[in-house]
Amino acid sequence: MMLVFPSTTRLFEEKNCGIKKFDTVFQNIISTANDGYFTISEKEDEVYLFVVGGRPYSSGRIEKEGLSFLDIHEFFDTYSRIGTANLAFYKVEKKALLSLLVYFKKRPAQKFSADMVDMEKVLNDLAQKGTDSIVAAKCGDKIGFCICLKGKPSFNYLPDGAYANEQPKDGLLLYVFGQNECVPSIEIFDNIQMTPAPDIISSKDELPKSLAVHYIKKPPAQASISGAEVVLMLANTVINKYSITKAETTIGRSAGSDIAIENPGVSRHHAVIMEKNGKFMIEDKGSANGTFMNGEKITSKELKDSDKVQILNYVLTFKLPQVKIEEKTVYVDPSAVNQKKPGTAKLVIEGGKEFTLQSTVMTVGSGEDMGLRLEGRGIEDHQASILRGKGGEFTLMHKGGRTPTKVNGEKVQEHHLKNGDVIEMGQYKINYKVS
């Protein structure tokens with residue numbers, strides 16, 4: 001899948017370019033352009049190497065389920081695996097490149113289609129909030145960006161240079177409302193501070209003569225302790241057990257993952273378990289559907305014995321090697337024992353069909369991999385998700401598309417469900433009940 005980004009100039013393209021030639025191409029490119037990105041293709045995916053100030057900054061991947069912001073070596077590992085590729089380089093204006101990096105790495109604070117809201121009111125709300133943000137507008141395969149400084153639209157990078165002579169706010173509104181071929185989808189990012197991939201070469205160090213040799217994956221470092229393992233389960237059934245023997249254990253849909261989960265909703269590079277000096281961490285790698293631990297969505301968090309990681313409906317239980325500990329008397333607060341447990345939550349579809357909410361994430365839509373599949377016109381492949389919070393409460397999240405998700409007759413993007421709420425999706429009415 002190839003997206004078209006604004007304010008780019010293609011400076012280089014060669015079909016069937018071997019990886020051995022990459023270093024020569026790179027040196028020639030950065031002698032004339034310091035900011036931009038290389039692209040190669042792997043099957044239906046597009047793999048990017050972002051260059052900032054003439055140095056590799058990070059890599060990224062566009063695949064069916066979304067975008068990923070990756071370590072630099074991921075680009076070279078892919079290139080090495082396929083050997084030759086159609087290699088291209090696009091020069092990008094620096095502010096436009098910042099927008100592009102944010103689009104790959106961050107998750108939007110708001111997401112909606114332009115026909116669902118008053119776009120001018122949205123921009124006025126951003127101005128009142130007064131923080132830096134980026135508005136991305138996608139129509140078909142074309143992406144446009146507006147950088148808002150202290151809440152005010154300040155720089156536009158729109159497809160084909162549209163409305164370049166207008167003031168940024170007017171130009172963005174004219175672009176959004178002037179599309180006849182599709183209704184633009186809008187994403188607003190309110191966290192636009194960027195950091196490079198962790199395997200960036202320090203600006204204090206010279207670049208190696210061969211970036212390919214430097215970055216192609218070397219034999220993995222081994223974990224400093226042995227005996228840790230992950231148990232992968234689905235619907236209370238054990239799928240597999242994995243020993244943690246490496247300092248970095250990858251989790252994802254890619255066949256090369258150490259813990260491979262074959263589900264379209266799992267990102268190719270979904271998460272990684274890292275070990276250093278006996279301490280284990282799990283880190284989400286910018287996945288489309290998120291990584292949860294003990295019911296909480298995480299980006300990075302320490303793993304302890306018996307912690308449960310949730311990816312879609314899969315549960316990965318982390319286990320440390322058992323050590324004998326001294327028995328101790330533990331005081332149990334009787335009031336804590338007698339606390340009422342959360343009730344059972346369920347969805348009741350017209351006609352009486354019931355679905356109990358048990359997993360951390362319940363996906364809803366017409367797609368074959370959805371936890372609750374609703375067939376019929378007007379239902380998106382992934383219409384919505386229902387997320388369990390720490391206290392056992394559930395939140396309904398609209399996942400985009402032209403068909404709105406409603407609760408009690410009102411369109412919602414995010415709604416904390418209460419007993420008796422009526423959810424509407426297309427022709428379906430679904431009652432949320434807690435017993």
Side-chain angles (χ1 to χ4, degrees), residues 1-9 35 37 62 66-67 90-194 378 380 383-384 397-406 409-415:
M1 178 176 62
M2 185 69 174
L3 295 179
V4 180
F5 297 109
S7 301
T8 63
T9 303
D35 302 302
Y37 57 84
I62 300 179
L67 291 76
Y90 296 83
K91 179 183 177 181
V92 188
E93 294 182 34
K94 197 147 195 171
K95 291 187 180 68
L97 183 58
L98 167 66
S99 303
L100 190 55
L101 290 167
V102 168
Y103 192 67
F104 268 81
K105 185 173 185 179
K106 309 291 186 177
R107 290 290 170 259
Q110 300 179 55
K111 184 176 180 180
F112 46 82
S113 59
D115 62 346
M116 292 177 59
V117 298
D118 182 340
M119 192 65 196
E120 188 163 7
K121 182 179 184 302
V122 170
L123 294 179
N124 289 337
D125 290 344
L126 289 177
Q128 188 173 5
K129 191 175 180 182
T131 57
D132 296 343
S133 59
I134 290 176
V135 179
K138 181 174 182 288
C139 188
D141 60 355
K142 293 184 177 181
I143 311 287
F145 298 110
C146 176
I147 300 177
C148 301
L149 300 180
K150 295 183 178 179
K152 180 181 178 182
S154 303
F155 302 96
N156 277 350
Y157 299 96
L158 300 176
D160 306 317
Y163 305 105
N165 296 324
E166 302 287 344
Q167 292 296 314
K169 180 179 178 180
D170 295 338
L172 178 61
L173 291 173
L174 286 168
Y175 173 75
V176 169
F177 294 124
Q179 299 304 307
N180 298 319
E181 297 180 0
C182 69
V183 176
S185 62
I186 308 296
E187 294 176 301
I188 299 177
F189 301 82
D190 57 11
N191 176 8
I192 65 173
Q193 298 299 314
M194 285 298 303
E380 301 292 333
Q383 176 78 25
M397 301 285 292
H398 178 68
K399 297 300 290 184
R402 300 186 64 175
T403 303
T405 299
K406 297 181 181 180
E410 299 291 333
K411 293 181 182 180
V412 299
Q413 289 295 315
E414 178 176 339
H415 178 82

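These numbers were taken from a predicted model, which means no experiment stands behind them. Positions are given from 1, in the same order as the sequence printed here.
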Study note, to complete from the structure: Per side-chain contact (heavy atoms from CB on, under 4.5 Å), H398 is matched among K411, E414, Q383 by Q383
Considering only distance and modelled atom types, tabulate donor-acceptor pairs under 3.5 Å from the side chains of residues 149-161, sequence neighbours left out.
{"unit_1": "S154", "atom_1": "OG", "unit_2": "K152", "atom_2": "O", "d": "2.8"}
{"unit_1": "N156", "atom_1": "ND2", "unit_2": "P168", "atom_2": "O", "d": "2.8"}
{"unit_1": "D160", "atom_1": "OD2", "unit_2": "K142", "atom_2": "NZ", "d": "2.9"}

Point to revise | Inter-residue atom distance I147.CD1 - S99.OG, 0.5 Å rounding | key: 3.5 Å
Review point. Run the side chain to side chain contact (heavy atoms under 4.5 Å, CB included) check on Y163 and L172 step by step: do they pass?
Key: CA-CA 8 Å; Y163 305 105; L172 178 61; over 6 Å; no
Practice item. Kindly determine whether F5 and Y90 satisfy side chain to side chain contact (heavy atoms under 4.5 Å, CB included), including the steps that lead there. Key: CA-CA 10 Å; F5 297 109; Y90 296 83; over 6 Å; no
Study note, to complete from the structure: Nearest heavy-atom approach of L101 to M194 is CB-CE, 3.7 Å
**Study point:** Polar side-chain atom of E187 near backbone of K138 as donor-acceptor pair, under 3.5 Å
**Key:** no
**Study point:** Steps toward side chain to side chain contact (heavy atoms under 4.5 Å, CB included) verdict (L100, T8)
**Key:** CA-CA 11 Å; L100 190 55; T8 63; 5.9 Å; no
Please list every donor-acceptor pair under 3.5 Å in which a side-chain atom of residues 106-123 meets a protein atom from a residue at least two apart or in another chain.
{"unit_1": "K106", "atom_1": "NZ", "unit_2": "Q193", "atom_2": "O", "d": "2.8"}
{"unit_1": "R107", "atom_1": "NE", "unit_2": "S287", "atom_2": "O", "d": "3.2"}
{"unit_1": "R107", "atom_1": "NH2", "unit_2": "G286", "atom_2": "O", "d": "2.3"}
{"unit_1": "R107", "atom_1": "NH2", "unit_2": "S287", "atom_2": "O", "d": "2.7"}
{"unit_1": "S113", "atom_1": "OG", "unit_2": "D115", "atom_2": "OD1", "d": "2.6"}
{"unit_1": "D118", "atom_1": "OD1", "unit_2": "E120", "atom_2": "N", "d": "3.1"}
{"unit_1": "D118", "atom_1": "OD1", "unit_2": "K121", "atom_2": "N", "d": "3.3"}
{"unit_1": "K121", "atom_1": "NZ", "unit_2": "D125", "atom_2": "OD2", "d": "3.2"}

Check your understanding: Quick one: side chain to side chain donor-acceptor pair (under 3.5 Å) pairs with a partner in residues 169-182, sequence neighbours left out?
Key -> N124-K169
Study note, to complete from the structure: In this structure, CZ of F104 is separated from CG of L67 (nearest 0.5 Å) by 4.5 Å
Check your understanding: Looking at OG of S7 and NZ of K94, how far apart are the two atoms once the value is rounded to the nearest 0.5 Å?
Key -> 15.0 Å
Revision key, fill the gap. In short, P6 meets A96 closest at the heavy-atom pair O-CB, 4.4 Å
Check your understanding: Got a second to check how far L126's CG is from C148's SG, nearest 0.5 Å?
Key -> 5.5 Å
Practice item. Run the numbers on V92 and D35 for side chain to side chain contact (heavy atoms under 4.5 Å, CB included), then give the verdict. Key: CA-CA 6 Å; V92 188; D35 302 302; 5.7 Å; no
Check your understanding: Considering only heavy atoms from C-beta outward, does the side chain of D190 approach that of K129 to under 4.5 Å?
Key -> yes
